[in-house]
Amino acid sequence: MTTRRKVTCAVLAVGLIAFGIWAANRISGLSEDTQATNPLFRWEYLFTRERTPEELWQNTREHLELTVWSVLIGIVLSAVLSALVLRFRWLRAAIFTFAGVLYTIPSIALFAILSTYNSNFTAAIIALTSYTLLILTRNFVAGIDAVPQAALDAADGLGMSRVQRLAKVEIPLAMPVILTGIRVATVTVVGLVGISAVIQLGGLATYIFDGYNRNYPTLMVLGTVATIILAVALDLVIRGVEWVATPWAHRRVAR
Amino acid sequence: MTGTAIELRGVTKSFAGAERPAVAPLDLTMNAGEITVLIGPSGCGKTTTLRMINRLVNPTAGTITIGGTDIREQSLTDLRRSIGYVIQQIGLFPHRTVAQNIATVPKLLGWDKARTNARVAELAELVGIDPSMLKRYPAELSGGQQQRVGVARALAADPPVLLMDEPFGAVDPIVRAHLQDELLALQSRVHKTIVLVTHDIDEAILLGDRVAVLNVGGILEQVAPPDELLAEPANEFVSSFVGNERGIKRLSLAQVGLLELEPGPVVPRRASATDIKAAVDAAGVDWIGVTDDGRLAGWVPLDDLDLDGTAPLDGAALRPVVAQLRPSSSLRAALEVILTARSSTALVADEDGTYLGAVTLETIRGGLAS
């Protein structure tokens, strides 16, 4: 088992145990009546309530829309920022500081402020996009920087123009790192979308906030689990894209 | 396309902030169809000189012509596509298959698919890459195979000129020796003008038709064929650079065929006892070599012979000649044979077995002195 996998498993285990303790305490603090009427998860809500599938789909779609749009816009903006960093090295510190500051702004504050000047959807997209910039730009630049000097020298020596070198050598070779950046940004945004519930959006996190306000744990559990499933699914999809798009990176046979 | 000559006239390179120029005004001609080796200690500007030929580095002053045309008359990309380029780290594109790597320049030149594929297959055969490897990625190849692909890629558009920057620096010694032989075999088929940079004097002597020795600051100390470089180093620097084993290094360059061979202790089978004694005494050995119709047949120790008979060699049991050389053998090989042979004499015969003469330590010393 790789170290990364061990860490992932450990984090998941700790999370599950913490959730279990929290749930157990919560239930034990309630009277038996409440426990009977308001359990941690009511399966009927998921399986027999008529409007649930439609609501669930609605929320998932909203969650996906917010995620995909902000990541796509983030990719475009980060590509521009990366090009600037790579072309004008002295801009590097300025651009990374800018992206870093955006990344550290408390998310709730950002959502709240932006929504007073924009429509809620626009506000959410702006806020979520700004969180992707640091991750994406860093990975884009690191990916291009890591292209082996010998490959660049060969590209020049064989007579590729600057544009040909970028398109045929640098970007393809940076692709694994670029796609990793996109994957991390996507998973991060899936989590962050929840915060946009403060401005009446929030996709699946709407369940969590509703459940909290109405003291109805079923909704909180549903929202949490659905969000996790969505994040893992997107992670797997992008890993699949990585696998298909960069066959050379994982076809290493013993010499 | 076979090679065209490269001429450097007063080529200078100064880097900003450096005290001395990296390459002093340099005049050098790389003859068409020859391998010119640039060699020197680090800081001698050998790689810089090489990279000025395909304008990866632009000269501060001076002109470089290829086949009489100034390299600045072409666009940068056109120039580079017409020059093969091989580097030490090989620089294959890891995301492209072997075939795609080889096809890089044809693709840049806009060749159609059929022509490109045919050329890739031809090159794979030329440099010795198995066709099954063409679909693999560079990471799936050994270092030696990668280097062959690098050479194939450089030759793809049949450029007249091939620049090689320490091409065998990254492979282990056994593979290197192999690749060096392959390069010579390849060159005898394609006759490119090859400029090769190395810091290994043995490689320079082995591969170079001419070797240019550069000193720190890009000063040309001597340019000469390897044998001349070893026999008559122009100055102290060159002689210390080629090392104190110049005699031994020359041994691997010169061939037995160039020596003045001795008659040796060899007689026809019909020879009389007197002739045998004369030949043996002249050579100072205790055995006699025997020829049939001028072809070397074997040898017999004198003790086995009855020297009173009329034809003592008739019917004698001949032993095969182990200490045997060909005219194309190097003096190094000759020395090896002599040192391990009975009584310090090796016999030389051509491909048909026709006896040509004998080699001793004296013969070799005479050959090196001339």
Side-chain angles (χ1 to χ4, degrees), chain A residues 79 82 86-90 139-183 238-255, chain B residues 47 50-51 53-57 74-98 100-109 133 135-146 149-150 153-157 159 162-165 169-170:
Chain A
S82 308
L86 292 165
R87 182 72 189 78
F88 308 102
R89 287 282 157 177
W90 48 272
N139 276 273
F140 289 5
V141 172
I144 300 279
D145 273 348
V147 174
Q149 187 57 44
L152 300 179
D153 196 29
D156 288 337
L158 293 173
M160 287 193 189
S161 66
R162 259 326 292 251
V163 176
Q164 284 168 333
R165 192 180 95 174
L166 185 70
K168 295 183 168 192
V169 178
E170 290 177 272
I171 292 178
L173 283 179
M175 212 29 105
V177 184
I178 290 176
L179 286 173
T180 302
I182 292 175
R183 186 162 54 80
I238 301 174
R239 272 178 204 272
V241 172
E242 266 179 74
W243 185 262
V244 174
T246 60
W248 52 274
H250 45 81
R251 261 181 52 186
R252 305 246 151 147
V253 172
R255 293 186 181 174
Chain B
T47 294
L50 183 90
R51 289 166 69 93
I53 296 172
N54 65 359
R55 289 179 65 195
L56 283 172
V57 174
Q74 267 178 309
S75 84
L76 208 55
T77 50
D78 285 348
L79 174 77
R80 289 173 182 167
R81 288 169 197 176
S82 69
I83 296 177
Y85 186 52
V86 182
I87 53 178
Q88 177 181 359
Q89 311 86 336
I90 307 166
L92 295 183
F93 302 127
H95 62 298
R96 295 180 155 196
T97 62
V98 168
Q100 288 170 330
N101 264 286
I102 297 175
T104 303
V105 179
K107 239 179 144 187
L108 289 173
L109 292 172
M133 276 182 213
K135 287 208 175 91
R136 300 212 189 144
Y137 289 99
E140 299 173 280
L141 269 52
S142 73
Q145 289 166 340
Q146 289 187 23
V149 176
R153 184 176 66 174
L155 290 172
L162 191 57
L163 306 180
M164 309 183 89
D165 190 356

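Letters A, B, ... mirror the listed sequences (proteins, then strands); counts begin at 1.
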* **Among the listed options L108(B), T97(B), N54(B), I90(B), the residue most often paired with chain A at heavy-atom distances under 4.5 Å** => L108(B)
* Working to the nearest 0.5 Å, report the span between CG of L92(B) and OH of Y137(B). => 13.5 Å
* Structure fact -> Taken to the nearest 0.5 Å, the spacing of I182(A) CD1 from F140(A) CZ works out to 4.5 Å
* To do: Examine whether an atom of Q164(A) lies under 4.5 Å from a heavy atom of chain B, and if so say whether it belongs to the side chain, the backbone or both; otherwise answer neither.
  => side chain
* Without swapping roles, check the side chain of H95(B) against the backbone of A174(A) for a donor-acceptor pair under 3.5 Å. => no
* Structure fact -> So, the part of M160(A) with a heavy atom under 4.5 Å from chain B: the answer is both
* Can you name the residues of residues 77-84 of chain B that have some heavy atom under 4.5 Å away from a heavy atom in chain A? -> T77(B), R80(B), R81(B), I83(B)
* **Short side-chain to backbone donor-acceptor contact, E170(A) and I144(A), under 3.5 Å** => no
* **N-O pairing of D153(A) and R51(B) below 4.0 Å** => yes
* Nearest-0.5 Å distance, NZ of residue K107(B) to CZ of residue R96(B) -> 5.5 Å
* Structure fact -> So CE of M133(B) and CD of Q146(B): to nearest 0.5 Å the spacing works out to 11.0 Å
* Asked: Among all residues two or more places apart in sequence or in another chain, which pass the side chain to side chain donor-acceptor pair (under 3.5 Å) test with Q88(B)?
  -> none
* Structure fact -> Okay, L56(B) and chain A: the region with an atom under 4.5 Å from a heavy atom over there is side chain
